[in-house]
Amino acid sequence: MLDIIKVIILGIVEGITEWLPVSSTGHLILVGDVLKPGMSDGFMEMFNVVIQLGAIMAVVVLYFHKLNPFSPRKSRKQKMLTWQMWIKVVIASVPAGIIGILFNDILDELFYKPLPVAVMLILYGVLFIIIENRNAHRKPSISRISDLTVPMLLWIGFFQMLALIPGTSRSGATIVGALIIGVSREIAAEFTFFLAIPAMFGASLIKLIKFGFHFTGAEFGLLMLGCIVSFGLSIVAIRFLMGYIKKHDFKIFGWYRIVLGGIIVISAAVQIFLK
């Protein structure tokens with residue numbers, strides 16, 4: 001029963017933080033360190049990634065019409081634009097896909113720890129504030145996904161690649177990359193949601209293969225529970241974010257990241273001092 005409660009908490013954390021630019025993986029690592037569920041380290045490493053499938057299904061549900069190139073309610077031109085959007089998603093996914101496949105184990109070994117998470121939280125928090133201050137009086141040059149060119153897509157894809165380091169935030173990194181080149185906040189967030197679909201399915205598949213699909217009945221049940229909870233909270237988080245950024249910028253998330261990262265660094269320093 002205690003592990004069920006802990007998994008529900010982790011599902012809530014994933015659902016809320018996956019789409020807000022604050023690093024879901026980073027939060028899951030930190031919360032997992034506090035809760036310490038009674039599961040193996042290997043299972044928890046896989047759980048923290050595969051639970052994102054629940055979050056992904058929220059995007060599919062909320063944006064199903066926009067993502068569906070076969071919708072009978074779309075004109076021929078709209079269907080063509082949908083296919084073009086998917087091609088853009090694939091192009092932007094290439095950098096993270098290559099690096100993730102080649103260096104997944106190395107990245108996990110080096111950075112799947114609280115201190116690297118704290119550093120990346122602070123770094124991208126500062127970037128959010130700097131970029132939003134720079135863009136304060138600038139009109140976005142890109143207000144439609146169809147306006148994104150191949151160099152722009154690869155630029156955004158490069159930032160998504162950087163998010164392979166926990167604490168960076170996949171949504172945070174891609175939004176930062178998009179804002180730098182003049183993409184509007186709404187389109188930056190929306191394209192980030194769509195980019196997450198192949199990224200998370202790919203990352204989950206890698207983790208499942210690495211884990212070996214050797215689940216006990218209890219482990220499978222906990223994994224499904226985490227996915228269901230993350231799905232429900234993701235619906236809420238996506239709607240909140242899209243409503244929020246119509247009237248506000250991303251600086252509040254930057255400050256949150258800096259404060260949280262600072263708390264983690266101070267906590268780590270205190271633990272070292274007490275030893």
Side-chain angles (χ1 to χ4, degrees), residues 3-37 44-63 112 114 117-118 120-122 124-125 128 160 163 165-176 185-186 188-197 199-201 203-204 207 222-264:
D3 278 342
I4 290 175
I5 294 172
K6 290 178 179 179
V7 164
I8 290 173
I9 293 172
L10 290 171
I12 292 171
V13 171
E14 162 62 24
I16 293 174
T17 61
E18 181 59 53
W19 307 111
L20 305 183
V22 295
S23 177
S24 62
T25 303
H27 279 74
L28 287 172
I29 293 171
L30 298 173
V31 174
D33 279 352
V34 174
L35 295 181
K36 298 186 184 302
M44 285 308 302
E45 182 181 322
M46 179 275 296
F47 175 91
N48 285 344
V49 175
V50 177
I51 193 178
Q52 296 172 348
L53 290 178
I56 274 298
M57 290 309 299
V59 174
V60 174
V61 169
L62 288 174
Y63 290 93
Y112 217 79
V117 167
M120 300 312 294
L121 281 168
I122 294 170
Y124 277 83
F128 263 121
Q160 180 173 242
I165 301 174
T168 300
S169 170
R170 192 202 55 78
S171 62
T174 51
I175 288 172
V176 162
R185 294 188 190 98
E186 292 88 344
E190 195 171 274
F191 190 64
T192 290
F193 297 160
F194 301 159
L195 269 181
I197 297 173
M200 290 185 187
F201 272 113
S204 297
K207 289 296 183 184
L222 291 172
L223 184 61
M224 290 300 99
L225 175 61
C227 286
I228 291 169
V229 174
S230 71
F231 168 79
L233 270 294
S234 289
I235 295 285
V236 175
I238 291 171
R239 286 176 172 167
F240 164 78
L241 181 64
M242 295 308 291
Y244 179 86
I245 61 177
K246 288 178 180 178
K247 299 179 180 179
H248 306 86
D249 59 29
F250 284 104
K251 283 193 285 187
I252 185 66
F253 300 110
W255 286 114
Y256 172 82
R257 293 174 66 103
I258 292 170
V259 170
L260 179 60
I263 291 172
I264 296 167

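Heads up: numbering here begins at 1 and tracks the sequence.
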Does the [X] side chain pair with the main chain of [Y], one donor and one acceptor, at a distance under 3.5 Å?
| X | Y | answer |
| --- | --- | --- |
| S230 | I51 | yes |
| R170 | L195 | no |
| T168 | A163 | no |

Can you tell me how far the [atom1] atom of [X] sits from the [atom2] atom of [Y], to the nearest 0.5 Å?
| X | Y | atom1 | atom2 | value |
| --- | --- | --- | --- | --- |
| I12 | L233 | CD1 | CG | 5.5 Å |
| E186 | I245 | CD | CD1 | 5.0 Å |
| I235 | M57 | CD1 | CE | 9.5 Å |

message = If we count only N and O atoms by modelled type, under 3.5 Å, do the side chains of T192 and T174 hold a donor and an acceptor together?
response = yes
Is the shortest side-chain heavy-atom distance between [X] and [Y] below 4.5 Å?
| X | Y | value |
| --- | --- | --- |
| L223 | M46 | yes |
| L20 | F240 | yes |
| Y244 | I252 | yes |
| Q52 | S24 | yes |

key: Criterion side-chain contact (heavy atoms from CB on, under 4.5 Å) on R185 and D249, from CA distance to verdict   = CA-CA 8 Å; R185 294 188 190 98; D249 59 29; 3.3 Å; yes
request  = Heavy atoms only: give me the nearest V22-H27 pair and the separation to one decimal.
outcome  = O-CE1, 3.1 Å
With sequence neighbours excluded, residues passing ring pair (Phe, Tyr, Trp, His ring centres under 6.0 Å) with F231 =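 If we apply the ring pair (Phe, Tyr, Trp, His ring centres under 6.0 Å) test to F231, skipping adjacent residues, there are no hits.
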inquiry  = Taking the ring of F128 and the ring of F253, is the distance between their centroids below 6.0 Å?
reply    =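 F253 vs F128: aromatic centres not under 6.0 Å.
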